[in-house]
Every structure is written in C-alpha cells, then in structure tokens.
Amino acid sequence: MSSLLVDNIGELVTNGTGEGPLGIRRDAAVLVEEGRVVWVGPSAYAPAADRRLDAGGAAVLPGFVDSHAHLVFAGDRAAEFAARMAGEPYTGGGIRTTVGATRAATDDELRATVRRLRGEALRQGTTTMEIKSGYGLTVADEARSLRIAAESSTETTFLGAHVVPAEYADRPDDYVELVCGPMLAAAAPYAKWVDVFCEQGAFDVDHARAILAAGQAAGLGVRIHANQLGPGPGVQLGVELDAASVDHCTHLSDADVDALAGTAHSDGSGTRTVATLLPGAEFSTRSPYPDARRLLDAGVTVALATDCNPGSSYTSSMAFCMALAVREMRMTPAEAVWAATAGGARALRRDDIGVLAPGARADLVVLDAPSYLHLAYRPGVPLIHQVMRNGVTP
C-alpha cells in the first residue's frame, strides 16, 4: 500500500477538528493512502510514508466543491453579455439560443467542452463538480447530455425543465408530460439528481412540483433553481420536497428564510436543505446579490458555486465566487471558504469531500499563499499552486 505524506503545511483548513470554524491546524501534515486521508496532525509527529510532498509552509485546503454547473453545451453568448453590459436586462431567454447550438453539436463537440471546462476548474482547485443537462430539451438530447456529463462527474443532474423549448411554447403542459415521462425515463440512468428552473417565464410551481415528484419517484434526489429573477414559490417548494439544495436565492421573503431555517438538524450541524448562492450570475447580469448574511444569521447552511454556463455566469473559478461573496454578500473570508468546500459537500449530501479528516477523500489544494485569507484578499490572482484529487496530482 503506497502512502503519501503532505507536510510542512503552515495553515491547514480541515473543516473539522481545530481552531475556529474552519478547524485550522498550524504546522500540520496529512497522510494519504489509497486516495483517502488516514491521519491529520502536527508535522513533528507525522508517520513515515513512502513519498513526501513538502507544502513549503503554505496553506492547504480541501478541494473546492462546485455544486451547481451547466457544462454540456455548444457555442457561447458573448454578444448577449455585451448587450447586458450596455443596459439590457437579463430574462433567461437566451437559454434557447444555447439549446439550438447544443442540439446541432456532435457528441464529441459536447464532450470536448465538458472536458475543457472540467479541466479548467480542476486547475483552479475544484475537485468535485456537479454537472447539469438542460440545453438539449428533447428526449435524445437530454439523455446524451447526461451520458456525456457522467464521463466527467458522478454528480449529474437532469434539468430537462430548464425552459420550455420553442416547439412547445404554446403547449407547456405537453412539455411537462414529456419531461415527467419519456425524457425522465431516458435520462434517469445517467443522473443522480433532478432539477427545475422554477421561475416566471420558465416553470410555475405546479409544473415544478410534478417534475420534481416524478424525479423522486425515479430515485433521483431533488435540487431546484429558485427565486433568482424575483420572489416566488421555489424555495418553499424545495423545502416541501426535501431538496438537498435550493439554488440562487436572490429574492427571499422572511417566510422563505424561515422555511429554510426550519430544516435544521437537531444536533445543530446546519440545515438539511442548503441555500446555494451563485454570485457569478449576479456579477454577469448586473442583478442584486443574495444576502448571505441574512441566511447565515438565521442558521441556514450556505454553499457557494459557480453556476458555470455560457449565458449568465461563464466562470469556472470558485476563488472568484468566494471573493464576490466576501465583497458583495457580507460573508467573512472563513464563511466563504467553508461554503465553497464543506457547504458544497452538504449541498450534494456528501460527507467524504469538503473536509480533510481521516476517512475523507484525499482532495486538497495547496495555495501559493500563507493563508486561506488570500483567496478573497487577492482576487483574480492565480493562487492555486497544486491540486490533489483522490490522492493523485492531475
């Protein structure tokens, strides 16, 4: 059994036992065997290992967990971005532009885009990345989107209910029937989750409930796009259906916050339904940012994710999203790091990632910096020095 010791770590973020909410350990070491963490402790007491990685006194964190991304698409929407920067409002209607390009693309073209963006994210420290479908919107295109997504991630999400495609514009009930029936049946073998864009101009609460319930009946976990463009029923629907995550959460009522807080675990470890915030979307659409402070003060578990997609948030950088969260959403640097690691894991209902503790997957990031604080303190600077995933450096 080959072992690897990562030592001479100046500041280790464990999200477990240690100093403060991030479980920080100083002058620390991590022992890895067969892709798993088997020991964490002071460098001076580190066990012997077959190989050694000297962190050089730098900070080491768990790999980032990006729990909301749309990577299976073709084309781009740079012109749409330019128009928004010139003052046009974001409505979500550009999704149909990407649908047309995606349907026309070959499997290899879609696969190349997924691999390019997944590799880009990995180089920036993202060791786990959820990938959604949602730009095919036919039975065959949604199934192939998820099949391609599953080649790069075990966290795949069926989003046939992204928007109603043009050919069903006057028949939304018929499209929902298609999503709940043949499309779900074709997509489910490649998916772990089901998701719906519950928003004015997309799917109303009754349609969203029907689709999510059908996904649950097929054995998929629930996620939901909720309350991005305005107030609405999405958050409370997510809570009603025990969603792992309600995503966006830009426009929340007191009742929405109370509903999320009401899913708290009895042991005080946070909420069962996570609020996943996507500040890259607000940056790219010039929309109001979610109020993370309000959620955190209510005891709601918060995750951060990129929402990487060609229209409203074409970034794969979790560090960028953390910097936005600190600057624009009233999160502390520690809260942002936790949300981008352990919070993302909670949004995927995983306990083997987002932490560095015995038994966890050996996913870690070595910074070119002495502290996690530099991720928000030095925005836009490439601080990811080395990435390890499953105990292997890519």
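Any value given below was found using the heavy atoms of this structure, including those in side chains, with hydrogens, waters and symmetry copies removed. For reference, positions follow the sequence shown, starting with 1.
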Q. Have R118 and S153 got a donor and an acceptor in their side chains that come within less than 3.5 Å?
A. no
Q.
Within the structure provided, determine whether W39 and P47 are in side-chain contact (heavy-atom separation under 4.5 Å).
A. yes
Q) Do F283 and T315 come close enough that some side-chain heavy atom pair is under 4.5 Å? A) no
Q. Which atom pair, heavy atoms only, marks the closest approach of A298 to A261?
A. O-CB, 3.6 Å
Q.
Within a 6.0 Å radius of atom CG on D170, are there more than 12 heavy atoms belonging to other residues, nucleotides or ligands?
A. no
Q) Does a donor on one side chain and an acceptor on the other come within less than 3.5 Å for H70 and D307? A) yes
Q: Classify the side-chain pair S67/E155 by whether it contains a donor and acceptor separated by less than 3.5 Å.
A: no
Q | Heavy atoms of other groups near D351 CG, more than 12 under 6.0 Å | A | no
Q.
Please determine whether the number of non-hydrogen atoms from other residues, nucleotides or ligands lying under 6.0 Å from atom CZ of R116 exceeds 12.
A. yes
Q. Say you draw a straight line from CG of L295 to CZ of R330; how long is it, rounded to the nearest 0.5 Å?
A. 10.5 Å
Q.
Please check if the number of heavy atoms outside E151 that lie under 6.0 Å from its CD is greater than 12.
A. yes
Q.
Let me confirm one number: the NE2-CZ distance from H162 to F203, rounded to the nearest 0.5 Å.
A. 9.5 Å
(Q) With no hydrogens and no angle check, just 3.5 Å: does a side-chain donor-acceptor pair link H68 and H225? (A) yes
Q: Check whether the side chains of D247 and S245 place a donor and an acceptor atom closer than 3.5 Å, and report yes or no.
A: yes
Q | Residues that R378 engages under side-chain hydrogen bond (donor to acceptor under 3.5 Å, both in side chains), provided they are two or more places apart | A | none
Q. Less than 4.5 Å apart, any side-chain heavy atom of L61 and any of L364?
A. no
(Q) What's the separation between atom CZ in R361 and atom OG1 in T128, rounded to the nearest 0.5 Å? (A) 4.0 Å
Q. How about T341 and N15: does a side-chain donor come under 3.5 Å of a side-chain acceptor?
A. yes
Q: Provide the closest heavy-atom pair for L260 versus V300 in the form atom of the first, atom of the second, distance.
A: CB-CG2, 3.8 Å
Q. Between E19 and R25, is there a side-chain N and carboxylate O pair less than 4.0 Å apart?
A. no
**Q.** Cationic N near anionic O, under 4.0 Å, D291 to R293
**A.** no
(Q) When you compare the side chain of D76 with that of F81, does any pair of heavy atoms fall below 4.5 Å? (A) no
(Q) For a quick check under 3.5 Å, do R223 and T276 share a side-chain donor-acceptor pair by atom type? (A) no
Q. Are more than 12 heavy atoms from other residues, nucleotides or ligands located less than 6.0 Å from atom CD of Q216?
A. yes
Q) Crowded around Y314 OH? As in, over 12 foreign heavy atoms under 6.0 Å? A) yes
Q) Would you say the side chain of I131 lies within less than 4.5 Å of the side chain of V72, judging by non-hydrogen atoms? A) yes
Q: Could you tell me the separation between the CG atom of L296 and the CZ atom of R294, rounded to the nearest 0.5 Å?
A: 12.5 Å
Q. Taking the side chain as C-beta and beyond, is there a heavy-atom pair between E328 and P279 under 4.5 Å?
A. no
Q: Would you please say whether a donor-acceptor pair under 3.5 Å links the side chains of D173 and H207?
A: yes
Q. Is there a side-chain contact between V355 and T14, using heavy atoms and a 4.5 Å cut-off?
A. no
Q. Is there a donor-acceptor contact under 3.5 Å linking the side chains of E282 and T250?
A. yes
Q) Say you draw a straight line from CG of L71 to NZ of K132; how long is it, rounded to the nearest 0.5 Å? A) 10.5 Å
**Q.** Crowding at NE2, H385 (>12 non-hydrogen neighbours, <6.0 Å)
**A.** no
**Q.** Between T306 and D66: side-chain donor-acceptor atoms closer than 3.5 Å
**A.** yes
Q: Determine whether the side chains of S284 and R84 contain a donor N or O and an acceptor N or O closer than 3.5 Å.
A: yes
**Q.** More than 12 heavy atoms from other groups under 6.0 Å of CD on E167
**A.** yes
